[in-house]
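Sequential numbering from 1 along the given sequence is applied to the chain's residues.
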Amino acid sequence: MALKGLDIFKLSPKKNCKECGSPTCMAFSMKVAQGSVSIDKCPYFSEDAKASLNEATAPPMKTIKVGAGDHEYSLGGETVLFRHEKTFVSRTRYAVTVCSCMDDAAIDAKLEEIKSVDYERIGERMFTEMIYVNYAAAAGKEKYLELVKKAAALDRVLILGCDDPDVAAEALALVKDGKPILNGANASNYEAMNKVAADAKVTLGVSGSDINELYDTLAALEKLGNKNLVFDCGVNSVKEAYQIAVQFRKAAIKDSNRTCGYPSIVRLDRLSGGDKHLQAALLSLFTMKYGSIIVVDQMTYAEANPVYGLRQNLFTDPQKPMKVEPGIYPLNGADENSVCLTTVDFALTYFLVSGELERSGVPCNLIINDAGGLSVLTSWAAGKFSAGTIAKFFEEQQIESKVKSRKLVIPGKVAVLKGELEAKLPGWEIIIAPREAVQLVKFMKEL
């Protein structure tokens with residue numbers, strides 16, 4: 001059970017020194033209990049107190065880090081079952097599977113397809129972050145090791161699907177610096193696989209024939225001292241995989257059962273049975289409930305566009321608006337003489353508008369106002385995007401000293417501001433843009 005503020009305060013140094021940033025030790029203890037600050041912010045807690053408090057106040061789901069460098073990802077660490085309760089913190093990662101049972105041409109085509117889906121949406125790179133490299137014993141060890149090398153060349157996090165400890169050890173020797181996941185421990189081999197994973201210092205994936213065997217194997221690995229684990233939801237059926245994902249998350253968060261509190265791997269490449277439409281539907285399902293890593297047979301733009309949009313919406317803090325930094329954004333090689341446009345700092349508005357403006361090829365300065373991260377109409381209705389606030393922003397940011405153009409294009413949805421803006425910004429020609437961003441290309445070319 002999570003500690004309350006008073007429990008933490010009893011172990012505190014009671015100095016009220018304010019070095020932690022809080023006015024009193026009680027206030028600090030309350031923040032620690034809420035999870036808003038770390039116990040390490042106080043320099044006077046004893047090491048024993050810190051160790052016990054860190055364990056007691058840690059998230060019910062363990063945070064597991066995989067990958068290295070720019071491709072290091074955090075999995076788990078969740079504290080709620082539903083996003084609206086607080087926020088989800090570690091976004092679902094997607095992996096495409098390749099298998100040593102495939103012929104060389106099919107492997108090369110699959111790896112090329114993985115590279116082909118790579119684009120940006122609202123400032124975030126959308127691509128397949130992981131590759132699941134599956135070992136087929138019938139194809140032999142050497143072919144698998146060559147496949148591991150090929151997959152590693154794509155600079156993605158690897159998941160080595162291999163339950164043979166000897167082969168797994170050789171494969172890890174090739175790629176262990178990239179901190180892959182070794183997914184292959186089960187009730188019959190977990191001790192040997194644990195040694196292989198521990199020697200390579202990588203995360204170990206665990207599976208079971210059913211939910212009870214999976215739990216028992218996780219518990220056995222914990223007794224061996226390994227808590228760098230993820231669990232595989234299995235491939236028996238969609239129903240069972242969903243049951244495991246949901247029941248383990250619920251047991252960890254609601255019942256504080258830390259043996260269930262590990263990130264999950266969902267094998268849609270096996271569960272969908274080659275049905276692309278079923279796979280697309282299950283991608284959405286397990287992104288929401290509760291796949292930490294979802295393995296698919298393929299990830300084309302058709303699959304990526306909706307699921308990455310869903311993931312981006314799901315893994316944002318519902319209490320914080322998505323916004324960009326206010327200021328002047330020159331586009332298409334714009335200079336101080338280029339026409340100016342203005343809109344709000346809502347991230348989706350910015351990326352839609354800037355994308356269409358870039359597509360037009362017309363040099364322009366996009367002036368982003370501080371509107372609290374709200375959309376155009378919402379911020380206008382709230383009084384955060386009005387003639388007065390725009391004029392004040394121009395004055396505070398010294399816009400008139402930074403640009404020589406006196407043409408200002410405003411969003412079509414707030415055309416009502418034209419007259420008042422002309423009065424607030426004397427010398428500026430106020431031009432009304434189309435209501436929809438997609439119409440900006442034609443509008444800018446004709447301006």
Side-chain angles (χ1 to χ4, degrees), residues 1-66 72-91 194 198 201 203-204 206 214-231 245-264 289-290 292 314-320:
M1 184 179 293
L3 292 181
K4 297 179 180 178
L6 188 59
D7 299 321
I8 298 168
F9 177 70
K10 289 176 181 177
L11 297 174
S12 74
K14 302 178 181 65
K15 286 177 173 284
N16 294 332
C17 62
K18 302 181 177 63
E19 291 181 37
C20 61
S22 298
T24 65
C25 287
M26 175 59 86
F28 175 73
S29 299
M30 295 300 293
K31 288 181 179 178
V32 172
Q34 293 165 2
S36 57
V37 298
S38 167
I39 195 72
D40 296 320
K41 291 280 283 185
C42 174
Y44 300 112
F45 268 96
S46 69
E47 291 304 314
D48 289 342
K50 278 187 180 181
S52 61
L53 288 171
N54 276 328
E55 178 68 22
T57 59
M61 281 190 71
K62 189 171 179 61
T63 299
I64 301 293
K65 291 188 179 295
V66 299
E72 181 183 77
Y73 304 118
S74 293
L75 307 172
E78 304 296 348
T79 59
V80 294
L81 284 174
F82 305 104
R83 174 203 181 237
H84 65 265
E85 293 179 299
K86 189 175 182 183
T87 185
F88 292 154
V89 295
S90 298
R91 63 191 56 216
N194 178 63
K201 298 180 180 178
T203 301
L204 180 62
V206 186
L214 174 59
Y215 182 86
D216 291 342
T217 307
L218 286 167
L221 283 162
E222 286 182 327
K223 287 180 180 178
L224 294 176
N226 191 349
K227 293 187 178 182
N228 188 18
L229 307 170
V230 296
F231 65 86
V246 172
Q247 288 193 5
F248 268 50
R249 175 72 68 92
K250 188 175 180 181
I253 291 174
K254 293 297 185 184
D255 303 330
S256 299
N257 187 333
R258 294 189 182 272
T259 301
C260 294
Y262 292 101
S264 64
K289 302 275 188 183
Y290 291 105
S292 302
L314 191 64
F315 287 90
T316 54
D317 189 337
Q319 299 175 8
K320 295 179 182 178

If I take atom SG from residue C20 and atom NZ from residue K31, how far apart are they, to the nearest 0.5 angstrom? 7.5 Å
Which residues pass the side chain to side chain contact (heavy atoms under 4.5 Å, CB included) test with D216, sequence neighbours left out? none
Gap between atom SG of C25 and atom NZ of K15 - 0.5 Å precision: 9.0 Å
If the condition is side chain to side chain contact (heavy atoms under 4.5 Å, CB included), which residues does K201 pass it with, not counting sequence neighbours? K179
Kindly give the heavy-atom pair with the smallest separation between L214 and V206, and that separation in Å. CD1-O, 3.4 Å
Under the side-chain hydrogen bond (donor to acceptor under 3.5 Å, both in side chains) rule, collect the residues that match up with T316, sequence neighbours excluded. R83
Name all residues meeting the ring-ring contact (aromatic ring centres under 6.0 Å, His included) criterion together with Y262; count only those two or more places apart in sequence or in a different chain, and write none if there are none. none
Can you confirm whether S292 sits close enough to S264 that some side-chain heavy atom of one is under 4.5 Å from a side-chain heavy atom of the other? yes
What residues form a side-chain hydrogen bond (donor to acceptor under 3.5 Å, both in side chains) with K65, not counting sequence neighbours? S74
Under the side chain to side chain contact (heavy atoms under 4.5 Å, CB included) test, which residues partner S29, sequence neighbours left out? I8, F9, S12
Do you know the tightest heavy-atom contact between A251 and C260? CB-SG, 3.8 Å
Beyond-backbone contact of D255 with K250, side-chain heavy atoms, under 4.5 angstrom: no
With side chains defined as the heavy atoms from C-beta onward, is the minimum distance between M26 and L6 less than 4.5 Å? yes
For T63 and G77 the tightest heavy-atom approach is OG1-CA, 3.2 Å
With T259, which residues qualify under side-chain hydrogen bond (donor to acceptor under 3.5 Å, both in side chains), at least two apart? E222
Closest approach of P263 to G76 (non-hydrogen atoms, all atoms of both residues): CG-N, 3.8 Å
side-chain hydrogen bond (donor to acceptor under 3.5 Å, both in side chains) with Y290: which residues, sequence neighbours excluded? none
Note: L81 and F88 closest approach over all heavy atoms is O-CZ, 3.5 Å
Quick check: do K62 and R258 have side-chain heavy atoms less than 4.5 Å from each other? no
Side-chain touch I39/F28, heavy atoms, less than 4.5 angstrom: yes
Output all residues satisfying ring-ring contact (aromatic ring centres under 6.0 Å, His included) with Y215, sequence neighbours left out; order by chain, then residue number. none
So does V89 get a backbone contact from the side chain of E78, meaning a donor-acceptor N/O pair under 3.5 Å? yes
Not counting sequence neighbours, which residues clear side chain to side chain contact (heavy atoms under 4.5 Å, CB included) with N228? List them please. I64, T203, N226
Suppose we screen for ring-ring contact (aromatic ring centres under 6.0 Å, His included). Which residues come up paired with Y44, at least two apart in sequence or across chains? none
Closest non-hydrogen contact found for A245 with K289 is CB-O, 4.1 Å
